[in-house]
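These notes concern the structure reproduced below.
Naming: A, B, ... by sequence-line order, numbering from 1 per chain. These numbers come from a predicted model, not from an experiment.
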Amino acid sequence: MNALIISAVLGVIMMFSGILLKQKNAVRNIATAGMGVLLVVNILEMYGMSFFRINTEGMMHFDRFSLLFNSIIFFSTFLYFILSARDIEKTGSYYAEYFALIFFILCGVVLATSFESLLILFLGIEIISIPLYILTGSDKKNLKSNEASLKYFLLGAFSTGLMLMGIALVYGATGTFSTGPVAMPDGKPGVLLIAGMMLLLFSMSFKVSAAPFHFWTPDVYDGAPTVFTSFMATIIKAAVFIAFIRLFYELFGSMQPQWQIWIALITAGTLFVGNITAVFQQSVKRMLAYSSIAQAGFMLLSIFAMNADAKEGLLLYAAAYCMATIGIFAVLIKMSDYTFDGFNGLAKRQPLVAGTTAIFLLSLAGIPLTAGFISKFYMLKAALATGRHLWLVIFAVLMAAVSVYYYFRVIQAMYFKENHEPKVIPVSKTFKWILAILAALIILLGIFPDLLLNWFYF
Amino acid sequence: MIAVLLILIPLLAGLAAFFVKNERTVRSWALFSSLITLAVSLLGVAVVKDAKYLAFQGEWMGSLNSSFSVKLDGLGQILCLLNAVAFPVIFLATWRSQYKNAHNFFALMLLTQAGMMGVFLAMDALLFYFFWELALIPAYFLCSQWGGPKRIQVTFKFFVYTFLGSLLMLVGLLYIYFHTKDRSFDISSFYTATLTDKEQTWLFWLLFIAFAVKMPIFPFHTWQPDTYEQAPTATTMVLSGVMVKMGVFGLLRWLLPVLPLASYSWGDVVSSMAVAGMIYASLIAIKQDDLKRLVAYSSIAHIGLMCVAVFSENKSGMQGVMIQMFNHGINIIGLWIVVELIERQFGTRKISELGGLAQKAPAMAILFVVIALANIALPLTNAFVGEFLMFNGVFGSVVTKYNIWFTVLAGLSIIFAAVYTLNMIRKVFYGDSNTLTSAAQDITMNEKLVLGIIVVIIFWLGVYPQSLLGITNEFTDTILKKIDVTILFKKN
Amino acid sequence: MPINYYIFLSIALFCIGIVGVLTRRNAIIIFMCIELMLNAVNLLLVAFSKMHHATNATAGTDGQIFVFFIMVVAAAEVSVGLAIIVMMYRNIHSVDVNFLNRLKH
Amino acid sequence: MNVTQILFWFLSVLALFSALMVVTSKNPVHSVLWLIAAFFAISGHYILLNAQFLAIVNIIVYAGAIMVLFLFVIMLMNLNKSTEPQKNKWLRLAGAVAGGCLLLVFVAALKDSEVNMRSAEVNTGDIGLIKNLGKELFSTYVVPFEISSILFLSAMVGAVVIGKKE
Amino acid sequence: MGRFGGALIMQNALQIAWLIPLFPLLGFLINGLGRKQLSKPMIGVIGSGVILASFVMSIWVFMQVKGGNTHVAEYFDFIKVGTLKIPFAFQLDQLSSLFLLIITGVGFLIHVYSVAYMHEEKTEHYGRYFSYLNLFVFSMLLLVMGANYVILFIGWEGVGLCSYLLIGYWFKNNEYNKAANKAFIMNRIGDLAFLIAIFWLIAKVGSVSFDTVFSTESIGKLSATDITVITILLFIGATGKSAQIPLYTWLPDAMAGPTPVSALIHAATMVTAGIYMIARSNILYSMSHVTMNIVAIVGLATALLAATIALKQNDIKKVLAYSTVSQLGFMFLALGTGAYVAAVFHVMTHAFFKALLFLGSGSVIHAMGGEQDIRNMGGLSKKLKTTYWTFLIGCIAIAGIPPLSGFFSKDAILLSAFEHKEIGIVLYGIALFTALLTAFYMFRLLFITFSGKFRGTHDQEHHLHESPPAMTIPLIILAALSIVGGFVGVPEVLMHGGDRIGEFLSPVIKPHEGAHVSHSTEYALMALSTGLVLVMIIAAWFKFRNYQRTDATGLGKVLENKWYVDEFYEKSIVSPLNKFAGILNSLIEKYVIDGVVNGVGRAVNYGSRQLRLLQSGQVGSYVLLMVLSILVVFVLQFFLRK
């Protein structure tokens with residue numbers, strides 16, 4: 001609850017700061033500070049210090065999982081602000097509003113991670129989506145940006161329609177919107193319920209860009225201003241995943257036999273499409289878009305598995321994935337051209353940046369000693385623990401091997417290729433330091449995942 | 001404690017080396033630290049006998065029941081010794097070869113050493129996997145940074161190939177983990193995991209492919225000659241001298257004892273692959289004109305024999321593998337050193353372009369001939385003992401019906417080995433010198449020293465192999481008890 | 001009225017909406033079809049709320065409240081959506097979605 | 001066949017027909033008008049189901065506000081004449097077929113759903129009344145109600161950011 | 001080895017027998033490492049001195065053994081794995097001590113000879129030469145002293161290595177190096193069989209020590225097939241080392257080495273290792289009738305083949321080489337017919353006269369300034385008196401004229417062949433014929449070389465001179481030995497108790513039981529062979545007294561080209577294998593194995609390229625695809641999933 005209200009307030013503050021404060025730094029500092037505050041209050045709530053006594057009975061439920069997850073999200077956003085806030089300002093003249101929108105989105109995230117009623121889920125998803133349409137289109141002169149935003153909007157609205165239909169059908173079958181385990185009179189679910197569940201499955205798959213509902217992702221991520229792509233690809237995706245996992249664990253948990261096989265197929269498809277298509281991309285940005293699809297495929301394993309390991313795994317995965325991807329995008333934004341050749345010989349010019357980027361990429365590729373490995377490891381573990389559909393695990397592993405192919409293309413470019421017209425990339429000292437810290441965190445998490453997981457239980 | 005030191009020293013030394021910008025210092029630093037490692041490992045092998053100094057168990061990943069547990073047992077001792085001996089030798093041998101930003105080079109080399117140490121010492125499946133990859137990554141960077149013209153593609157192939165293998169292995173390990181009695185990654189619980197025959201079969205292949213790629217066993221070997229050819233020779237020494245042993249090691253520690261039934265029922269298939277590979281590789285080696293490729297293929301043949309011997313599952317074979325892992329490491333490093341010297345002096349590795357070195361560089365010729373003869377297992381050289389025991393083991397194996405065939409066919413590779421090795425000697429060192437080699441210089445003192453050390457080891461182990469066989473004796477007994485088929489079949 | 005009638009009716013409307021989305025190229029019309037889909041859902045919800053109310057006196061209101069919220073969201077969506085479409089129109093003087101093909105592959 | 005049934009059928013046919021016209025009519029303006037008609041039909045259904053509040057809101061918000069907004073935009077872009085070039089025939093056909101199949105599948109699947117014995121009672125009951133809903137809205141649903149303000153805020157900001165000329 | 005140090009004072013030579021191989025090893029190390037520092041005479045002295053030392057030791061040991069005390073000395077565990085225990089041990093008994101004498105004795109003489117023969121070499125090469133020679137003696141001693149098959153095998157491969165090194169001694173000449181490789185590789189083929197035999201023994205008996213293996217209870221563990229297989233495998237090993245069919249072709253090429261080397265390694269000692277090994281395992285062999293016959297037949301066939309080839313060779317050393325092969329064939333014939341003693345006896349005598357002949361030829365070549373083709377010689381008897389006479393003695397000895405050594409040994413062999421139960425008469429006939437050929441080609445060689453008039457160039461002619469004493473003295477000694485050497489094995493019929501060597505070896509070699517023929521027959525056979533041999537010699541005298549060069553035709557040409565055996569091997573084995581390897585290298589490896597791996601990569605790339613086309617950029621198609629997939633899933637879920 002803290003986070004929800006504070007972030008809403010912060011959003012309003014940012015709106016006004018745009019009018020009141022003239023110089024951008026002030027705005028940025030306020031936003032960053034606010035983000036810090038948000039993180040702190042959320043952590044405080046984890047330790048039971050809730051400032052607001054509001055009865056959210058039957059609507060929202062802030063449990064350990066959602067709170068810890070929110071902290072991860074806020075932390076990532078915090079890093080994101082420190083790394084890329086300057087670049088947010090570059091996209092357009094409404095920098096304050098952009099921050100405001102981001103804070104509103106965070107409200108939506110809070111809703112989506114801690115809903116207890118389908119209504120809240122719906123609102124949360126919408127509060128996340130609508131500002132994103134804006135942010136995607138925020139580079140108004142850029143046709144790509146416009147196109148991306150319109151595509152995103154149309155497809156998003158369409159999927160909202162599907163989702164609502166699903167909710168309606170579920171309501172018809174159960175007579176309630178609360179996400180308690182569905183009551184099934186005669187053991188097995190009725191067609192109405194199944195149909196509703198399916199439609200919800202599809203719409204959620206759309207939001208997490210799982211095949212075959214992933215088509216919007218590459219175009220939108222490619223078209224949107226890179227700084228917002230970073231935000232969408234990491235924080236939003238992770239948040240929606242939590243919504244996804246909550247929905248299917250709590251509401252449809254008892255119907256696992258009906259949906260597990262579909263999730264398995266969707267997972268396989270997502271892994272396949274994401275990894276294979278990424279191989280041939282020429283632009284790193286677009287490659288990262290596909291890679292985000294591939295990573296989503298791995299996260300879907302947690303929903304497929306539906307056990308304690310999977311929850312832990314998803315937490316780890318969200319953290320690892322967000323940190324690594326934010327880092328890479330932060331570097332990518334600084335790049336003058338987004339093709340692989342743009343990275344040629346980076347190691348010579350910016351050894352530290354290149355080194356950290358390499359670590360981020362290794363993490364995404366799931367090389368041991370990085371958080372990326374341990375999170376993938378947990379996913380595989382969870383999937384294996386079910387004891388069903390072992391082919392899926394093998395397939396996931398094969399695809400992970402494929403993913404090495406495109407991640408290492410960047411590393412090769414940075415380290416083993418020469419650049420002929422070396423362009424200087426303007427990076428501040430602090431930027432470098434943050435990157436280093438981020439890399440260190442990834443390694444640390446990779447060696448001692450319990451640091452995070454113990455928080456989940458203690 | 002010793003076990004931890006063995007990992008820590010190279011690790012920390014390597015990390016430190018990243019920050020030493022001066023080339024000279026970083027060289028000596030690397031040499032120095034590797035010598036310390038050698039000293040410690042000698043301590044662990046020869047002096048310290050008390051288990052509580054050799055083993056260490058630390059808290060790590062409690063939520064997974066995986067602990068940082070390392071132990072220096074017979075197998076570990078012999079391989080750590082090899083690992084520790086190899087690096088000083090390599091550093092000395094490549095003392096004069098130049099690397100741009102050398103500090104990274106030596107740092108990565110030391111990290112590789114640390115990783116391999118970890119692999120040999122780990123007593124926990126997850127830890128093992130960690131180090132397995134940790135050894136791979138620096139090697140990847142070494143090869144693609146300092147390698148030959150085709151290095152990037154070739155090394156990348158090597159990386160993806162091995163990485164895929166190890167991922168499959170990871171799945172296998174996880175599956176076993178779920179079937180251990182106490183849901184733990186500890187090796188002891190792995191040894192007692194309850195797995196049906198069917199499960200063992202596909203687990204066997206999941207794990208075996210990872211090891212087969214590493215060794216490499218025909219037909220998983222294609223990465224190897226290219227990589228050896230392209231990699232900087234110092235790295236090639238590491239890869240062929242020590243890293244390929246990781247594959248054999250994996251068989252011995254993580255495959256046979258964990259999946260004894262499958263190892264028994266699929267042993268023949270694997271052995272056939274290995275034997276076919278031996279002949280195949282030997283024949284191809286005859287055709288090679290590039291020294292590095294020739295040595296690479298000969299290495300495939302030798303490793304193949306080790307694989308067959310492992311699956312002979314008897315004392316003689318096992319002991320043979322143990323000692324041969326060490327010997328092969330030493331010998332092939334020696335060969336690489338000479339190749340490196342030749343390449344550095346004449347800028348070519350083409351056998352056809354060389355010749356008559358024996359007149360100009362007699363010392364090099366003699367030392368090389370000795371090492372080459374060790375490579376073809378001449379008696380009183382170290383390799384003879386190993387191959388004798390392995391062949392004997394294969395011949396006397398009771399777990400296969402085809403032991404005689406394996407022995408005979410594998411034996412052919414001895415003859416072929418003589419063919420290609422002697423031809424290589426003849427073409428490179430004998431005959432009359434040509435324009436290229438007429439100006440040849442003989443090797444310098446420190447190179448003589450390095451090769452001398454190797455030659456001494458060769459003869460010492462050739463005349464008195466017991467000094468190594470004693471170390472691994474106990475270990476082989478225990479492992480053989482674990483995989484004793486007769487007992488297993490009594491059990492189910 | 002049997003509930004099935006309502007189910008079929010709204011499904012029919014819903015599908016007509018989908019067909020519209022599939023067949024038209026005008027962004028605005030596509031958007032309208034989506035609105036049609038939403039309304040189909042609304043109708044269904046109301047019908048269900050009545051259905052549940054019949055068996056359980058306390059139940060049913062939530063359905064209609066949900067419809068209310070859907071309308072709210074729809075309104076917000078429309079404002080943003082039309083803004084985006086207008087922006088698009090400003091740039092390429094068309095609302096034809098087939099011109100949205102700079103981003104592909 | 002009493003009057004409610006007649007009304008029901010009439011409204012259903014009207015809704016479906018106008019929906020079809022929305023999809024098929026060439027002129028965007030006509031589509032808008034047909035959509036409004038559809039909304040009215042649906043509002044009629046609401047009234048039939050004693051959901052007067054929603055019926056009113058539907059007319060005010062949708063038919064009244066949203067559709068007018070649409071109309072404005074279309075006028076502003078003067079798309080009033082049928083400027084829309086024809087989409088690839090096959091694609092349209094495929095779309096139509098796909099939608100039709102979906103309809104079939106849905107109907108076939110849901111025709112014997114778990115609730116198919118039950119019915120939605122018409123022109124009785126008072127839950128649809130504004131008093132009742134209002135109480136609910138400001139007691140149980142106050143939190144979502146407040147939250148929706150965030151939605152509006154963001155929508156507003158967004159509209160400004162996007163719409164405002166520079 | 002402290003306790004052995006003390007043994008020096010103590011008078012038992014057997015305790016310090018390890019010195020025998022140690023001396024040559026030291027010599028090898030000193031000469032090898034110090035070849036640049038030491039002066040030539042120094043090297044020569046060391047090289048020959050160490051051999052002399054071990055020769056003295058050997059005599060001492062021989063005395064001890066003759067005194068009747070044999071001894072197995074274990075020094076340390078070479079390999080100890082589980083139940084398998086292979087000690088590093090020496091066995092000193094009648095057989096080994098006899099070979100010790102031959103090796104060190106003849107070896108010493110040849111070392112001395114080499115001092116002069118090689119004096120033109122550069123110092124360091126000179127040192128290299130002697131170090132190799134010492135190393136050879138060391139390995140040979142290991143071979144005969146080893147108390148188990150593994151130690152024997154170590155020596156076995158050791159001598160192979162040395163022969164490789166010495167054949168390729170003049171390493172600038174590529175032909176020589178090829179010959180060296182050929183020798184080594186052919187030996188390797190045999191060695192593989194040898195190894196497998198060892199493994200077989202270990203598998204069945206669990207030990208490789210001679211005394212264990214030959215003990216009755218371990219014999220009991222071996223089935224008849226085991227014994228046959230093992231013995232055959234061992235014999236294959238022997239064919240490699242002792243140049244028998246099919247692995248004999250390396251020996252003639254081995255003449256590329258310096259002549260003393262040919263004398264020592266490829267005539268006197270190394271090539272007899274096979275005979276030693278079989279004689280050593282005579283207990284096993286006697287138990288397998290099949291193997292015995294195989295050995296006999298192969299031996300005889302080799303003898304005949306080589307003899308025929310020798311008829312038409314023109315290189316002085318080649319003739320001797322083929323005669324060596326032929327003589328070795330005789331020895332195997334003896335082994336095959338159970339006359340182990342005769343074989344060993346012939347080894348000894350052959351060592352004397354063949355070494356003599358080689359050294360003689362060496363002296364000739366030396367005089368001719370490196371010329372080896374006998375067609376360019378002739379009439380050398382006037383200039384090279386000593387050489388001529390000694391060479392003549394050698395020829396007589398090998399031809400088998402009584403009372404020279406060759407007669408006795410060869411006679412024993414012929415007799416044993418005759419006594420063979422089934423096919424005695426056939427064996428005897430062919431063997432006799434071969435013996436006659438031997439006489440013929442040896443004297444052909446003699447006459448062409450020494451009689452008639454000189455056919456070489458002028459400067460060769462006036463450069464002709466007798467070799468220095470360092471070379472002639474060994475010749476004389478060896479000649480003397482070839483004359484008297486036979487008397488240690490005089491047949492019973494001529495002198496009662498004359499077969500001393502037989503008695504001496506009886507503890508290790510049980511005297512062979514053949515169908516003993518009557519004395520009269522024995523006399524008859526001797527007379528027959530001697531007579532025919534004389535005829536042959538006379539024939540040779542008339543044919544080659546003053547030889548004119550003529551080109552061989554028909555059969556002669558075939559013989560001159562050694563029955564085209566080398567060519568046959570080349571065509572049937574070497575080049576096909578080469579082609580096959582080529583195919584593997586250029587096709588299979590590149591396109592199949594590697595092709596598959598890269599193919600996967602390419603497939604992924606291709607898939608990627610195709611899959612991205614799905615991303616058409618059209619909203620309509622996206623929605624369509626989504627709807628279609630929804631459709632599919634619903635159909636499957638509701639209508640096809642039960």
Side-chain angles (χ1 to χ4, degrees), chain A residues 58 117-120 122-123 125-127 129-131 133-134 136-137 140-178 192 195 218-224 277 280-282 286, chain C residues 3 6-7 10-11 14 17-18 21 27 30-31 33-49 51-53 55-56 59-60 62-63 65-67 69-70 72-74 76-81 83-85 87-92 95 97 99-105:
Chain A
S117 151
L118 292 173
L119 175 56
I120 300 294
F122 169 61
L123 285 176
I125 296 283
E126 284 305 308
I127 294 179
S129 308
I130 290 177
Y133 304 147
I134 318 280
T136 311
K140 283 152 69 179
K141 290 280 161 287
N142 180 342
L143 288 182
K144 282 193 168 186
S145 172
N146 298 341
E147 173 177 347
S149 119
L150 185 53
K151 273 182 180 170
Y152 192 14
F153 170 73
L154 290 175
L155 292 168
F158 181 76
S159 82
T160 310
L162 292 180
M163 179 186 208
L164 286 170
M165 188 44 124
I167 293 175
L169 293 177
V170 171
Y171 174 71
T174 61
T176 168
F177 294 108
S178 81
L192 215 54
D219 295 0
V220 172
Y221 285 8
D222 194 3
T277 320
F280 201 73
Q281 296 307 319
Q282 299 311 322
R286 203 167 171 83
Chain C
I3 191 69
Y6 283 103
I7 295 179
S10 40
I11 292 287
F14 191 78
I18 291 180
V21 172
I30 291 175
F31 190 21
C33 294
I34 291 170
E35 291 301 323
L36 188 60
M37 288 161 68
L38 296 190
N39 273 272
V41 174
N42 292 352
L43 176 57
L44 189 57
L45 276 168
V46 173
F48 279 138
S49 82
M51 178 187 82
H52 290 303
H53 184 64
T55 50
N56 166 356
D62 46 4
I65 300 266
F66 202 105
V67 175
F69 277 104
I70 292 179
V72 166
V73 170
E77 218 171 37
V78 168
S79 60
V80 170
I84 292 172
I85 292 175
M87 172 182 71
M88 186 78 195
Y89 186 80
R90 282 206 196 117
N91 285 331
I92 65 172
V95 289
V97 292
F99 294 163
L100 306 178
N101 55 7
R102 278 170 207 73
L103 300 160
K104 58 178 168 202
H105 303 328

- Task: Working to the nearest 0.5 Å, report the span between CG of Leu44(C) and CG of Leu164(A).
- Result: 11.0 Å
- So which of Leu143(A), Asp222(A), Ile130(A) has the largest heavy-atom pair count under 4.5 angstrom toward chain C? Leu143(A)
- Heavy-atom proximity to chain C below 4.5 Å, by part of Phe153(A): side chain
- Item | Between CD1 on residue Ile18(C) and CG on residue Leu162(A), distance to nearest 0.5 Å | 6.0 Å
- Message: Report which part of Thr174(A) has an atom under 4.5 Å of a heavy atom belonging to chain C: side chain, backbone, both, or neither.
- Response: backbone
- Work out which heavy atom in Phe66(C) is nearest to a heavy atom in Leu118(A); give both atom names and the distance. CE1-C, 4.2 Å
- Query: Is it the backbone or the side chain of Ile127(A) that comes under 4.5 Å from a heavy atom of chain C, or both, or neither?
  - Reply: neither
- Query: Rounded to the nearest 0.5 Å, how far apart are NZ of Lys140(A) and CD1 of Ile84(C)?
  - Reply: 11.5 Å
- At their closest point, which heavy atom of Met37(C) faces which heavy atom of Gly161(A), and how far apart are they? CE-CA, 4.4 Å
- Step by step, would you call Glu147(A) with Ile92(C) a side chain to side chain contact (heavy atoms under 4.5 Å, CB included)? CA-CA 10 Å; Glu147(A) 173 177 347; Ile92(C) 65 172; over 6 Å; no
- Go through Ala157(A), Gly223(A), Gly137(A) and name the one with the most non-hydrogen pairs under 4.5 angstrom from chain C. Ala157(A)
- Item | Structural part of Thr55(C) lying under 4.5 Å from a heavy atom of chain A | neither
- Less than 6.0 Å separating the ring centroids of Phe122(A) and Phe69(C)? no
- Residue Leu45(C) versus chain A: region with a heavy atom under 4.5 Å: both
- Query: Do you know the tightest heavy-atom contact between Leu103(C) and Lys151(A)?
  - Reply: O-NZ, 3.2 Å
- Query: In Å, rounded to the nearest 0.5 Å, how long is the span from CE of Met87(C) to OG of Ser149(A)?
  - Reply: 4.0 Å
- Task: For residues Thr176(A) and Asp62(C), report the shortest heavy-atom separation together with the two atoms involved.
- Result: CA-OD2, 4.3 Å
- Task: Applying ring-ring contact (aromatic ring centres under 6.0 Å, His included), name anything that partners Phe48(C), two or more places apart in sequence or on another chain.
- Result: none
- Contacts of type ring-ring contact (aromatic ring centres under 6.0 Å, His included), residue His52(C), not counting sequence neighbours: Tyr171(A)
- Of the listed Ala83(C), Ala27(C), Gly81(C), the one with the largest count of heavy-atom pairs under 4.5 Å with chain A is Gly81(C)
- Task: Kindly say whether Val73(C) contributes a backbone atom to a donor-acceptor pair with the side chain of Glu126(A) at under 3.5 angstrom?
- Result: no
- chain A contact via Ile3(C) - side chain, backbone, both or neither, heavy atoms under 4.5 Å: neither
- To the nearest 0.5 angstrom, please state how far the CG atom of Asn146(A) sits from the CZ atom of Arg90(C). 10.0 Å
- Message: Let me confirm one number: the CG-CG distance from Leu100(C) to Asp219(A), rounded to the nearest 0.5 Å.
- Response: 9.5 Å
- Query: Do you know the tightest heavy-atom contact between Ser10(C) and Met165(A)?
  - Reply: O-CE, 4.4 Å
